[in-house]
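Notes follow the structure.
These numbers were taken from a predicted model, which means no experiment stands behind them. The sequence lines fix the lettering, A, B, ..., with proteins before strands; numbering per chain opens at 1.
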Amino acid sequence: MLEAKDLYKSFGSIKAVNGISFSVAKGEVLGFLGPNGAGKTTTMRMLTGFLPPASGTATVCGHDMLSNPVEAKAQIGYLPENAPAYDSMTVENFLKFSAEIRGYRGKELQTKVETAMERCQLRDVQRQTIHTLSKGYRQRTCFAQAVLSDPPVLIMDEPTDGLDPNQKHTVRKMIKEMSSNKAIIISTHILEEVEAVCTRAIIINKGCIVANGTPDELKKKSDTGRLDDVFRSLTIGREESK
Amino acid sequence: MRSLMNIATIFKRELKSYFEAPVAYVFMVVFLVLIGALTFMWPGFPLFERGVADLASFFAWIPIVYLLLVPASTMGLWAEEQRTGTIELLLTMPITLGDAIIGKFLAAWLFIVIGLALTFPVIITVNYLGDPDMGVIFCGYIGAALLAGCYVAVGLFTSATTKSQVISFVLSLTICFILVMAGTPFITNLFSEWAWVITVVSTLSFWTHFESIQRGVLDMGDIIYYLSVMTFMIFATYIVIDNRKSA
């Protein structure tokens, strides 16, 4: 459903993303792992059409992101890093705005917003302005915006970053519930998260894919059978990791 | 069609966001107080002492008062989106960059035009005092609305160049100030030796084109000038944002 084809991107002399290709099928939850600065966010920004790649492209449900961006973007729900949202709006109005921009009107719009608020447990804060929300509510508001239109592809950049353990649990549960009929990508550097929700994981380092497989397959790459050790050995080299 | 609906959605959100924050009301009040005070009380330009019931002094102050009001109300258009990261949300929604820019531009423009419309008591006043030429006043308001569009387009552009609202404010104030002053005797006298320089500089100025409209002449040339300034600035905004996000 989502395919990245040979993506390249550099900022000045830094090669942020250096030839990344992969695909995600329906029903898969792909974990996107890598140390800070490995190119996770840049890759996601290219997949969602925010950044134009220097070369390569992404296709979403058959729509090419470069030649047909509006159609391609319509298939994606995106939760950017740090959950940005319009601070002066109330939660409800913000969700109404995102529903409207995705083409919903009238009764249908109302239903979509209600469902999203119900699903992400935002009822208590629906009339609060976003800048008064705690981190957890803010994250869920932005999450609600992403899942509102029930898009076939969901891309989330560090969806559990900065949440308390209970909130993390809730978000993971929501991801799992939705995974059956969607293609989902989540980026993270929390390895336990990969084991908890992902069906497959990709590890990237310095803009290149260094491993791609199910969590169990990845674990076998290390003598100890622990994901931490695989991650360390692949991203900082075998010598240093010992 | 789809594009028009998107523009309308962005436009509505942006216009609402002005009135969700107290800043909008502050701007409006300051604008109305300033323009009212300057029109009626500024020494040497007073409406009362000239003995003519018209709005010449009102329209003469418009380009100056806009210098404060417009940059202040446009500075957040893109700067705030870039600072808080909502630009990433906005531009990954199924819309084009053009839809977003036009929606924001129209919202900010309408906001200023609302402010302008709220100056209606001055029309009532001059009608009470005498028998003004309403055609000239109507023309003046059309001119003032078009001029507002140009200021807004400049502000939209400077807001796109930075994450900081303060920088955007100062930049657009400076650009608009230069564009206004270029047509006044203050600047044109500097080039009194070279007539063609005067022509070039003053045709590019907001002031020159606004002056003729104030006199009640709605010239096609002036309207085309205003529309081209807006188009140019909107286009420049597009290029700036398109480049910033790929940088």
Could you give the distance from OG1 (A/Thr48) to CG (B/Leu91), rounded to the nearest 0.5 Å?
10.0 Å

Starting at OG of A/Ser88, measure out to CZ of B/Arg13 and round the result to the nearest 0.5 Å.
6.5 Å

Can you tell me which portion of A/Asn93 sits under 4.5 Å from chain B's heavy atoms? Options are side chain, backbone, both or neither.
side chain

Rounded to the nearest 0.5 Å, what separation is found between the CD atom of B/Glu14 and the OH atom of A/Tyr86?
7.0 Å

Which region of B/Glu20, side chain (C-beta onward) or backbone (N, CA, C, O), has a non-hydrogen atom less than 4.5 Å from a non-hydrogen atom of chain A, or is it both or neither?
side chain

Using non-hydrogen atoms and a 4.5 Å limit, figure out which bit of B/Glu81 sits close to chain A: side chain, backbone, both or neither.
side chain

Closest non-hydrogen contact found for B/Leu89 with A/Gln145 is CD1-NE2, 3.5 Å

Looking at B/Thr84, B/Thr9, B/Thr96, which makes the most heavy-atom pairs under 4.5 Å with chain A?
B/Thr9

In Å and rounded to the nearest 0.5 Å, what is the CG to CD distance from A/Asp87 to B/Glu80?
7.5 Å

When the 4.5 angstrom heavy-atom criterion is applied to A/Glu71 and chain B, the contacting part is neither

So, for A/Phe50 and B/Glu88, which heavy atoms are closest and what is the spacing to 0.1 Å?
CE1-CA, 3.6 Å

So how far is it from B/Met93 CE to A/Glu100 CD, rounded to the nearest 0.5 Å?
11.0 Å

Minimum heavy-atom distance A/Pro84-B/Thr86, with the two atoms named:
CB-N, 3.7 Å

